[in-house]
Structure formats: structure tokens, C-alpha cells
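See structure below.
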Amino acid sequence: KEADIPFDSFFVDTGWEHDTTAEYVKSYLPEHIGNIQILQREEGGMAHLVRELGYFPGKTFRYCTGKLKIEPAKEYFLSLDIDPVNAVGIRAEESHRRSKYPEWEYSPEMQADIWRPIINFSEEDVIMMLQRHNVRPNPLYLVGAPRVGCWPCIFASKRSIRLLANEDPERVDLIEDLEIELTSLARRKDPRAKMKSWFQVKGQPMPIRDVVDWAFDESSDQELLLADDRNTGCMRWGMCEFEHPIEKQKKIIEGE
């Protein structure tokens, strides 16, 4: 938008984002960048897919990205009657794998050119761009989330799990319910079946409650002298406010 290039926006809803991310995309961002089309898997989101398959995604069977993100996006691109350019907002600093991506390449699967316009941006570059246009970031960044997207990702960090437990205990309950449900179904077929869990450590299941306990265990990673997760996030973005960022977004959307 800053470069004055015409564009259409879409968001792939996996059904596994934090509610405030959906609110940010559907109710806050359109005021700044225009309409955002919502794409999603017709059969249902993450919880539905997990029940359908009978197991959770994992390191060696990461079906979530393909079925919940890539396939809906692919259907969208193939439905267009133009030659599209897919502009993707990822940065090289985000991971070793992303550091290898070029700015431009062609995707035979999407039948579209892929453009990564901010691939060489620093986090500070992103923050400054949003500040220039008076656009607030997703509130989850302000409470300390290093990344937003699947809530949680199967590769979530200790900090991300703490945020999950503090900000969204209902999601922890849902994961626990899914673990119990899938384990029960598996053991009806085979009483010796392993527990089904969202997280695994060295190939072994780790129940969500144990994962949460691990995230708050300071014995291995001392953080007593550091700012807490929320203050770390707001300081990074230079937006430390009295109000909770999620509640602040709700008030902005409601015009208060």
C-alpha cells in the first residue's frame, strides 16, 4: 500500500488462531488496508481435522500447513482469471529456513509468482512502517508473543506456552479435551496405544498440562531478572499502555 501498488488481501483461517487475531484481521485491519477475504477449509478447521484424522500434527507429519493453509490458498489462486503475484510478508530473520528464500520465485503449485517484499526487513523496519501509518500490531505481539498464527503451534516456545496459559486457558482446556478424546478412541481399537498429545518430546507424547508446567518451570531457564512476557512485548513495540492490548483493540473497533 505504501508503494501505491493495487492489491487484494486474503487471510487463511485455520480455526486455530487466537480469537484476537481473527478480530484483528476481520474488524481492525480493514479500516487501514481495505477488505480482507477470508479463506478456510470447507470441511472445518484444526479441531475438526484432528478428529477426522485421529491424530495430531507432528514434526514428521505436519499436515496442518498443507491442509489448512496451502490448499485453501491454492484453490483461491487457481480460481482467478488473471496471472497473480502472491505477496508474502515473511522475513529472513524469522528462521534459518526463511533466510534461504529469494525475494522472487515462481510457484508451479499456486501457478503464481511469489514476491517477498520484506524478506530483508528487520523487526525494527516492520515496527517503523506500522508506526508511520498509525497501525497497531496484532495485540498478541504486545503481550509478548514472538510469532502469531496457530495458537499454539506444534513447535511453540516456552514463552509462547506461558502466554497461552495466561491469556487463553480455554485453549488449554480444548487441547486437553482433544487429547483425552483421541486417546480414548485409539485405545478402543488397541488398549496398548500411546497417548495422543498435541506436543511430543523426543517422539514421546507430552500432555498439555505437563507442557504448561514445563513452561513455568524456571529451574532450567532463569528469567527472574528479566521483564515479564507482556512488558517484553510492549517494550519491543514501544507501546506500553495501561490497558491490556486485547481490550484496547476491542475498544478501538467499537469506536470508544
Side-chain angles (χ1 to χ4, degrees), residues 13-25 45-51 53 55-65 68-69 90-91 93-98 123 137-183 194-237 240 244-247 249:
D13 184 357
T14 67
W16 201 244
E17 289 81 14
H18 189 290
D19 287 346
T20 198
T21 295
E23 182 181 72
Y24 181 75
V25 171
M46 180 70 80
H48 185 280
L49 182 58
V50 165
R51 290 188 173 102
L53 297 176
Y55 59 92
F56 294 101
K59 184 176 182 180
T60 58
F61 37 94
R62 195 176 176 181
Y63 60 76
C64 44
T65 299
L68 296 176
K69 290 186 176 181
I90 64 172
R91 299 184 301 110
E93 289 183 349
E94 292 174 332
S95 70
H96 176 72
R97 185 178 70 173
R98 293 185 176 189
E123 186 179 70
N138 184 321
L140 295 182
Y141 287 123
L142 299 180
V143 297
R147 299 269 291 273
V148 300
C150 284
W151 182 257
C153 175
I154 55 175
F155 301 117
S157 65
K158 203 169 191 179
R159 169 174 287 177
S160 296
I161 298 300
R162 285 200 305 270
L163 285 168
L164 177 74
N166 286 330
E167 301 290 339
D168 195 1
E170 292 83 5
R171 181 57 58 92
V172 176
D173 292 339
L174 173 58
I175 293 173
E176 183 178 44
D177 290 343
L178 285 170
E179 289 178 339
I180 293 171
E181 180 181 337
L182 266 62
T183 300
K194 283 185 178 181
M195 176 188 179
K196 304 292 184 181
S197 64
W198 180 259
F199 293 104
Q200 293 197 11
V201 178
K202 296 180 180 179
Q204 297 301 314
M206 190 171 184
I208 184 62
R209 297 293 174 186
D210 290 349
V211 173
V212 170
D213 290 342
W214 162 80
F216 284 95
D217 179 9
E218 297 176 340
S219 61
S220 58
D221 296 309
Q222 293 295 328
E223 298 176 335
L224 297 177
L225 300 181
L226 300 179
D228 62 24
D229 296 321
R230 179 177 170 188
N231 286 329
T232 298
C234 77
M235 287 188 294
R236 188 168 77 244
W237 284 85
C240 291
H244 192 289
I246 293 176
E247 295 305 316
Q249 174 174 276

Quick check: closest heavy atoms across [X] and [Y], and the distance to 0.1 Å?
X: Val212; Y: Ala165; value: CG1-CB, 3.9 Å
X: Leu142; Y: Pro245; value: CB-CG, 3.6 Å
X: Leu140; Y: His18; value: CD1-CB, 3.7 Å
X: Glu94; Y: Arg147; value: O-NH1, 3.8 Å
X: Thr21; Y: Asn138; value: OG1-ND2, 3.0 Å
X: Asp13; Y: Gly15; value: OD1-N, 2.9 Å

What residues form a side-chain hydrogen bond (donor to acceptor under 3.5 Å, both in side chains) with Asp177, not counting sequence neighbours?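 So Asp177 forms no side-chain hydrogen bond (donor to acceptor under 3.5 Å, both in side chains) with any residue.
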Taking only residues two or more places apart in sequence, or in another chain, which ones meet Glu179 in a side-chain hydrogen bond (donor to acceptor under 3.5 Å, both in side chains)?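 Glu179: no side-chain hydrogen bond (donor to acceptor under 3.5 Å, both in side chains) contacts found.
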Enumerate donor-acceptor pairs with a distance under 3.5 Å from any side-chain N or O in residues 56-64 to protein atoms, sequence neighbours excluded.
unit_1, atom_1, unit_2, atom_2, d
Tyr63, OH, Tyr55, O, 2.6

Check salt bridge (Lys or Arg N to Asp or Glu O under 4.0 Å) between Asp168 and all other residues, then give those that pass, not counting sequence neighbours.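 Once residues adjacent in sequence are excluded, Asp168 has no partner under the salt bridge (Lys or Arg N to Asp or Glu O under 4.0 Å) criterion.
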Separation between [atom1] of [X] and [atom2] of [Y], rounded to the nearest 0.5 Å:
X: Asp217; Y: Asp210; atom1: CG; atom2: CG; value: 11.5 Å
X: Leu174; Y: Ile208; atom1: CG; atom2: CD1; value: 10.0 Å
X: Met46; Y: Glu17; atom1: CE; atom2: CD; value: 8.5 Å
X: Ile161; Y: Asn166; atom1: CD1; atom2: CG; value: 11.5 Å
X: Arg98; Y: His96; atom1: CZ; atom2: NE2; value: 13.5 Å
X: Thr20; Y: Tyr24; atom1: OG1; atom2: OH; value: 10.0 Å

Please table the atom pairs, donor to acceptor, closer than 3.5 Å between any side-chain atom in residues 196-207 and protein atoms at least two apart or in another chain.
unit_1, atom_1, unit_2, atom_2, d
Ser197, OG, Phe199, O, 2.6
Ser197, OG, Met206, N, 3.1
Gln204, OE1, Lys194, NZ, 3.4

Decide yes or no for Pro152 and Ile175: does some side-chain heavy atom of the first lie under 4.5 Å from some side-chain heavy atom of the second?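 The answer is yes; the side chains approach within 4.5 Å.
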Flag the pair Cys153 / Ser160 as yes when at least one side-chain heavy-atom distance between them is below 4.5 Å, and no otherwise.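 Not touching, per the 4.5 Å side-chain cut-off.
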By ring pair (Phe, Tyr, Trp, His ring centres under 6.0 Å), which residues pair with Phe155, not counting sequence neighbours?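 Testing Phe155 for ring pair (Phe, Tyr, Trp, His ring centres under 6.0 Å), a comparison that skips the adjacent residues, returns none.
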Test side-chain contact (heavy atoms from CB on, under 4.5 Å) on Leu163 and Trp151 and set out the steps. CA-CA 10 Å; Leu163 285 168; Trp151 182 257; 4.3 Å; yes
Donor-acceptor contact below 3.5 Å, side chain Arg171 vs main chain Trp16: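 A pair under 3.5 Å: yes.
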Please step through side-chain contact (heavy atoms from CB on, under 4.5 Å) for the pair Leu178 and Arg51, ending with a clear verdict. CA-CA 8 Å; Leu178 285 170; Arg51 290 188 173 102; 3.6 Å; yes
